[in-house]
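Some notes on the structure that comes next.
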Protein chains: 2
Amino acid sequence: MKNECLNCACVMRSMQSLKNCQLEQLENNHAVVQFRKGDSIIKQGMFSTNVVFLKSGLVKIHITGPYHEQIVRLAKAPTYLGLPTTIGDKINQYSVTAVQDSEVCFIDLNIFKRVLEENKDFSSYIILELCKSELESYRRCASRTQKQTRGNLADVLIDLSENVFESDEFVLPISQSDIGNLVDASRESVNRLLSELMNDGIIRMEGRKIEILNKNSLQLISQNG
Amino acid sequence: MKNECLNCACVMRSMQSLKNCQLEQLENNHAVVQFRKGDSIIKQGMFSTNVVFLKSGLVKIHITGPYHEQIVRLAKAPTYLGLPTTIGDKINQYSVTAVQDSEVCFIDLNIFKRVLEENKDFSSYIILELCKSELESYRRCASRTQKQTRGNLADVLIDLSENVFESDEFVLPISQSDIGNLVDASRESVNRLLSELMNDGIIRMEGRKIEILNKNSLQLISQNG
DNA sequence: AATATTTTGTGATATGTATCACTTTTTCGA
DNA sequence: TCGAAAAAGTGATACATATCACAAAATATT
């Protein structure tokens, strides 16, 4: 267990500034847990007493909307999960569920807050992360509402390819109905649009395996709907 | 000028913890500016070197989307404006425009950051604010995309009445086309729906003056579309 | 006060997507 | 490995809302 934190991406970025005693505090107050695909990591409505850091894997962040559950975004390791929902409110304001097997580190909230207070650089780093993520959420929301489904779907495919899997060929980590949810469309629409992309030779699909054949076209679709 | 900051809501919440020397730093590095209705306070794409605090007035926060400018939300004083866009990126990632005459305090970003680093309570407070605002933006986006226009419009009216003006009777601070933008609908749809609300006796309108006659119905509409 | 500009009001029509209904395929658990 | 459940595929239909096209009213501007 000793020095586990030292090598964890959780502290890596601010490591140079974390003192040994602070590292030790983290060492003694964290727990690493394995989650299987489909497992719930953070559940909206429950008390949150831990900061959650995704060490490996892929998750979806989702929130209960006025009519139905809605996927806000996918998040891949390494990243903090639910920083806002943990610090901003005692009760989780959204849920996080593994969409691939994941490894998660739970850090006691009080310890985390103490380290945050004791370490300027660390708190600066967290503030910066929070700011960026809020900006990102504004952008995402604007896209989602302005673009029509075709464009949003293209965005999801591009995002999966470029940011999540870093390859033109990958296996869809979520169902078509989840994709629909993520782009504010019905499962049927997603299906029809995917077929269309196949017919147009822009992607190739075999089951959930997808290959992007023409990224250019996809980007055009992203831009022009 | 001396002690101006002491009475400003900007520091009020963390005042007990701001040391005199920190207050003095703020005193010497801020500027209060008046804005008229329609004036641009923060402009997307420009360098940001100041933290902006809205002392009085009402503003709209808007962002350039893929197709058109979109209003993210209204914000009323007292509140920080563009904390994420100032700290998260050197270039403003969204715009802020006064929709009513407003008084704004600009604080040098470096000074602000220094105070942030020197003062635990202040940085805790800012972190908390950022977290809450991100949660809020998730919620808002989910509502916006799931509800249909009628429900979103009802929400805007309720928000204006309860949070902004704290009265059942108020003057719409933005045009119908801005309202449309805010609820992801066309100006025409907003107009038609407002007429409908009038005909149903739920609101009364004379020009931009609105009176909410039946808040209950409005809340039902907010819930059920 | 007179004119230009923005905002509002309202019908007719077009359209993207949801919804429904059903089948086929794939995945998962006992 | 077999049966059940979940996911995917596809047509027909419905509907909320955009868009277009003007007219009327209200607000700025000189």
Side-chain angles (χ1 to χ4, degrees), chain A residues 36-39 60 65-71 97-101 144-154 156-157 171-200 203-210 221 224-225, chain B residues 36-39 60 65-71 97 99-101 144-154 156 171-200 203-210 221 224-225:
Chain A
R36 304 291 301 277
K37 179 180 168 176
D39 289 349
K60 61 178 174 184
Y67 294 115
H68 54 81
E69 196 74 6
Q70 180 167 89
I71 301 178
T97 303
V99 297
Q100 282 183 355
D101 293 355
R144 226 167 143 151
T145 53
Q146 283 182 34
K147 287 187 183 178
Q148 42 193 73
T149 309
R150 192 191 313 280
N152 282 323
L153 180 61
V156 168
L157 294 180
V171 175
L172 276 183
I174 53 177
S175 70
Q176 291 183 7
S177 98
D178 266 3
I179 294 179
N181 188 306
L182 184 56
V183 298
D184 304 315
S186 69
R187 179 216 113 222
E188 293 94 327
S189 295
V190 169
N191 187 271
R192 278 185 255 265
L193 290 168
L194 283 173
S195 303
E196 213 178 287
L197 290 176
M198 284 180 70
N199 288 336
D200 295 353
I203 62 172
R204 197 152 56 82
M205 269 186 84
E206 262 182 79
R208 283 202 181 174
K209 201 158 80 188
I210 283 202
I221 292 171
N224 306 317
Chain B
R36 304 289 302 275
K37 178 180 169 176
D39 289 349
K60 61 178 174 183
Y67 294 115
H68 53 82
E69 196 74 7
Q70 180 167 90
I71 301 178
T97 303
V99 296
Q100 282 182 354
D101 293 355
R144 227 166 141 153
T145 52
Q146 283 183 33
K147 287 187 184 180
Q148 42 192 75
T149 309
R150 192 191 311 281
N152 282 323
L153 179 60
V156 168
V171 175
L172 276 182
I174 54 177
S175 71
Q176 291 182 7
S177 97
D178 267 1
I179 295 179
N181 190 304
L182 184 57
V183 298
D184 304 315
S186 69
R187 177 216 116 221
E188 294 93 325
S189 295
V190 169
N191 186 272
R192 278 184 256 266
L193 289 169
L194 283 173
S195 302
E196 213 177 287
L197 289 176
M198 283 179 70
N199 288 335
D200 296 352
I203 62 171
R204 198 151 57 83
M205 268 185 85
E206 261 183 80
R208 283 200 180 174
K209 200 157 81 187
I210 282 203
I221 291 171
N224 307 316

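Order of the sequence lines sets the chain letters (A, B, ...), proteins ahead of strands, with each chain counted from 1.
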Most 5' of A:Lys147 and A:Glu188 on DNA chain C, judged by nearest nucleotide:
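The answer here is A:Lys147.
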For A:Glu196, which residues count as a side-chain hydrogen bond (donor to acceptor under 3.5 Å, both in side chains) partner, sequence neighbours excluded?
A:Arg150
Record whether the side chain of A:Arg192 comes under 3.5 Å of the base of C:dG16 through a donor-acceptor pair of N or O atoms.
no
Is a donor-acceptor pair below 3.5 Å formed from side chain A:Arg208 to base C:dT25, judging by atom type as modelled?
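Side chain to base: no pair present.
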Residue of the set B:Val99, B:Val156, B:Ile179 for which side-chain contact (heavy atoms from CB on, under 4.5 Å) holds with B:Leu172:
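Answer to the side-chain contact (heavy atoms from CB on, under 4.5 Å) test with B:Leu172 among B:Val99, B:Val156, B:Ile179: B:Ile179.
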Identify which one of B:Leu193, B:Asn191, B:Leu197 satisfies the side-chain contact (heavy atoms from CB on, under 4.5 Å) criterion when paired with B:Ser195.
B:Asn191
Rounded distance in Å - [atom1] ([X]) to [atom2] ([N]):
X        : N      : atom1 : atom2 : answer
B:Leu193 : C:dT10 : CG    : P     : 13 Å
B:Ile179 : C:dG9  : CD1   : P     : 10 Å
A:Asp178 : D:dA6  : CG    : C1'   : 12 Å
B:Leu153 : D:dA18 : CG    : C1'   : 16 Å
B:Glu196 : C:dG9  : CD    : P     : 14 Å
B:Asn181 : D:dA18 : CG    : P     : 12 Å
A:Gln146 : C:dG16 : CD    : C1'   : 17 Å
A:Arg36  : C:dT27 : CZ    : C1'   : 15 Å

Considering only side-chain heavy atoms of A:Gln176, which listed nucleotide, C:dT8, C:dT17, D:dA8, is closest?
D:dA8
Between B:Asp39 and B:Arg36 (side chain of the first, backbone of the second, donor and acceptor by atom type, cut-off under 3.5 Å), is there such a pair?
yes
Residue mapping more 5' on DNA chain D - nearest nucleotide basis, B:Lys37 or B:Gln148:
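Nearest nucleotide further toward 5': that of B:Gln148.
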Answer with base, sugar-phosphate or nothing: what part of the nucleic acid does [X] contact at a heavy-atom distance below 4.0 Å?
X        : result
B:Asp184 : sugar-phosphate
B:Ser186 : base
A:Arg187 : base

Indicate whether any N or O donor in one side chain lies under 3.5 Å from an N or O acceptor in the other, for B:Asp184 and A:Gln146.
no
Check this one for me: any side-chain N or O of [X] less than 4.0 Å away from OP1 or OP2 of [N]?
X        : N      : result
A:Ser177 : D:dA7  : no
B:Asn191 : C:dG9  : yes
A:Ser195 : D:dT10 : yes

